[in-house]
Amino acid sequence: MTAPSATPVPTGSMNEAGARLVAWYDRHRRALPWRDTSDPYRIWVSEVMLQQTRVETVIPYYHAFLERFPTVHALAAADSDDVLRLWQGLGYYRRARHLHEAAQQLVRQWDGRFPADIRAFRRLPGVGDYTAGAVYSIAFGEPVPAIDGNVARVFARWLGIEEPMDKPAVRKSVEAVIRQWQQAFGPSRVTQAVMELGATVCMPRLWRCDDCPLAAECEARRGQRQGDLPVRRARGARPVMDVLALLVHGGGRVLLVRRPAEGLLADMWQLPAVERPRAESAPSPTDDELLAWGREAFGAWGCDGLRVLGRARHEFTHRVWDVTLLEASQWSPQAVRELERTWVAAAWAAPDEWPRYPLARVYERLLHLWLHPAKSADSQVNRV
DNA sequence: TACCCGTGGCC
DNA sequence: TGGCCAAGGGT
């Protein structure tokens, strides 16, 4: 089935285009760590880390992770906090938990091997259509499509698709081309070639059509519509949350708490904190307002003598945190017990123990600000 | 279906 | 500076 707005490419020139694409790939492919192996486990780990994450960011995490967990069995046997620590800073932490759980399922059900049927692998937590297709086409040479953002962009432009790429009819038309190419030129090579083209030539805000093996038939290039394709839906404004973080310290140790197992930054550690939404277009609260809020919120936890130490703005994809760091000079003995009731867990940790606690980035930066106020003075940390 | 889920880099 | 976005999946 061909998407209504797409211009069909004749079968003959379709295969010529595919031949040019894989020839281009053989010549221009980047040397990446996960291209040195056909081990499905290593390819799987790379695909999960690369979800919504840049190659340069992933590479050091990839090496550290595989050194620590070189096999499915090693990962399955790991402590979940160790897995999360190796993921610290990479974001989307649910990926780590899903990967760990999926490894355990592979060991339980298939003795740590990958099931012969891709549909069984697809059912594992954290494995979607893309990841299943990528692992099984690249590692096992199965002719199954793997459509990621790169692939969607390349085909949206090449075929001039004016509809959202997630529509089933559009998807089917793209998958048909990919399968045809995979039969002719090899599944692994085709999967990686299309992604590589999207990553290095047919990029979102830059397109080097002079270097593109698909330029001859490209609909977007013909109409100079590269920047308009693929069509994307508008994103809503991100809500701003004001966050008050509490620094309680004594004897060189700081009180840390653990976030719930579900939701934002699941299972990660941070300082005790409260948050509230800021009215749209309202100004950032003053120090006096924040102190009043802090006395109200943290007074119940037995904390007093509050002062503002610094502020940090942290932008997620879908929301913004404006975090103010408050230091408490006094707290009652039952403060920790109150906090343990409010949070999953609480612990006193000296700076050399902080690496044991997977910390969300913004709290890493706030703790660094407290530890090294001079060094942080003109960094981004305390600008708001 | 639309929203939730992180981080860092780019223009 | 602010918006956008990068090899998605879950609900």
Side-chain angles (χ1 to χ4, degrees), chain A residues 29-30 32-35 42-62 84 87-99 101-102 121-135 137-139 145-154 164-168 171 188 190-200 202-206 227 230 232-241 259-268 270 281 312-321 358-365 379-380 383-384:
Chain A
R29 57 180 279 175
R30 294 167 293 174
L32 298 172
W34 41 89
R35 288 183 175 159
R42 290 179 171 256
I43 291 166
W44 176 34
V45 170
S46 79
E47 291 300 342
V48 174
M49 286 189 170
L50 286 162
Q51 289 168 9
Q52 302 291 287
T53 310
R54 291 184 146 74
V55 165
E56 318 82 66
T57 304
V58 164
I59 288 174
Y61 285 89
Y62 175 80
L84 195 54
W87 214 270
Q88 178 179 346
L90 200 51
Y92 286 135
Y93 299 100
R94 194 167 304 174
R95 292 183 295 178
R97 197 181 59 195
H98 283 155
L99 189 61
E101 290 172 2
F121 182 70
R122 168 68 179 81
R123 278 184 232 116
L124 295 174
V127 177
D129 289 338
Y130 164 74
T131 301
V135 171
S137 64
I138 295 172
I147 302 181
D148 70 338
N150 287 316
V151 178
R153 183 172 58 256
V154 165
M165 292 299 294
D166 50 8
K167 289 186 67 172
R171 222 185 135 75
S188 173
V190 167
T191 291
Q192 298 189 71
V194 186
M195 285 198 290
E196 190 76 350
L197 189 68
T200 63
C202 191
M203 294 178 280
R205 282 170 299 192
L206 177 67
R232 40 186 139 268
R233 55 194 75 207
R235 214 178 290 190
R238 288 178 297 182
V240 176
M241 310 294 293
R259 295 178 64 88
E262 302 296 328
L264 184 66
L265 297 167
D267 285 330
M268 301 291 280
Q270 62 170 64
S281 76
R313 187 180 180 85
H314 188 73
E315 307 198 0
F316 299 90
T317 302
H318 57 296
R319 73 180 63 182
V320 176
W321 275 359
L359 288 164
R361 265 288 190 260
V362 65
Y363 285 98
E364 256 188 306
R365 282 161 41 207
S379 75
Q380 295 186 0
R383 270 192 293 152
V384 174

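Only heavy atoms go into these numbers, but all of them, side chains included; no hydrogens, no water, no symmetry mates. Each chain gets a letter, A, B and so on, in the order its sequence line appears, and its residues count up from 1.
- When each of C:dG3, B:dG6, C:dG8 is scored by its nearest atom to the side-chain atoms of A:Tyr93, the top-ranked nucleotide is B:dG6.
- Distance, A:Tyr363 OH to B:dG6 C1': 14 Å, rounded to whole Å.
- With rounding to the nearest 0.5 Å, the separation of CZ in A:Arg95 from CD in A:Glu47 is 11.5 Å.
- As judged by a 4.0 angstrom heavy-atom cut-off over every strand, A:Arg30 is placed among the base-contacting residues.
- Distances were taken from every side-chain heavy atom of A:Thr317 (C-beta onward) to each of C:dC5, B:dT7, C:dG10; the shortest belongs to B:dT7.
- Not counting sequence neighbours, the partners of A:Tyr62 by the ring pair (Phe, Tyr, Trp, His ring centres under 6.0 Å) test are A:Trp34.
- Computed from coordinates, the A:Arg205 CZ to B:dC11 P distance equals 8 Å when rounded to whole Å.
- With rounding to whole Å, A:Arg95 atom CZ is found 16 Å from C:dT11 atom P.
- Per the geometry, CD belonging to A:Glu262 stands 12 Å off C1' belonging to B:dC5, to the nearest Å.
- Side-chain atoms of A:Arg122 never come within 3.5 Å of backbone atoms of A:Ala132 as a donor-acceptor pair (strictly under, hydrogens ignored).
- With rounding to whole Å, A:Tyr61 atom OH is found 9 Å from B:dT7 atom P.
- Here the nucleotide nearest the side chain of A:His314, chosen from B:dT7, C:dG8, C:dG10, is B:dT7.
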Dump the pairs, protein N or O against N or O of nucleotides 1-4 of chain B, anything under 3.5 Å, distances to one decimal.
from	atom 1	to	atom 2	distance (Å)
B:dA2	OP2	A:Arg233	NH1	3.0

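- Considering only heavy atoms from C-beta on, A:Arg171 stays 4.5 Å or farther from A:Asp166 through its side chain.
- Taking for each of A:Met195 and A:Val127 the nucleotide of DNA chain C with the nearest heavy atom, the 5'-most of the two is the partner of A:Met195.
- In this structure A:His314 satisfies the ring pair (Phe, Tyr, Trp, His ring centres under 6.0 Å) test together with A:Phe316, sequence neighbours excluded.
- Across all strands shown, A:Ser46 has no heavy atoms under 4.0 Å from either base or sugar-phosphate atoms.
- Side-chain atoms of A:Arg238 do not come within 3.5 Å of backbone N or O of A:Glu315 as any donor-acceptor pair.
- In terms of the side-chain contact (heavy atoms from CB on, under 4.5 Å) criterion, residue partners of A:Tyr61 (sequence neighbours excluded) are, by chain and number, A:Met49, A:Leu90, A:Arg361.
- At the heavy-atom level, A:Trp34 lies under 4.0 Å from base atoms of the strands shown.
- Rounded to whole Å, the distance from CH2 on A:Trp87 to C1' on C:dG9 is 12 Å.
- Atom pair A:Glu315:CD and B:dC10:C1' shows a separation of 14 Å (rounding to whole Å applied).
- Note on A:Leu206: nothing from the nucleic acid sits closer than 4.0 angstrom, heavy atoms only.
- Here the CH2-OG1 distance, from A:Trp44 to A:Thr131, works out to 10.0 Å after rounding to the nearest 0.5 Å.
- Near-neighbour residues of DNA chain B inside residues 48-59 of chain A, defined by a heavy atom below 4.0 Å, number-ordered: A:Gln52, A:Thr53, A:Arg54.
- A donor and an acceptor atom, one from each side chain of A:Gln51 and A:Tyr130, are nowhere located under 3.5 Å apart.
- Residue A:Arg122 has its side chain nearest to C:dG10 when only C:dG8, C:dG10, B:dT7 are considered.
- Qualifying salt bridge (charged side-chain N to carboxylate O under 4.0 Å, His left out) partners for A:Arg123, counting only residues two or more places apart in sequence or in other chains: none.
- Nearest nucleotide to the side chain of A:Arg232, out of B:dG6, C:dG9, C:dC5: C:dC5.
- Taking atom P in both B:dG6 and C:dT1, one finds a spacing of 25 Å when rounded to whole Å.
- One interatomic measurement links the two molecules: OH of A:Tyr92 to P of B:dG6, which rounds to 8 Å at whole-angstrom precision.
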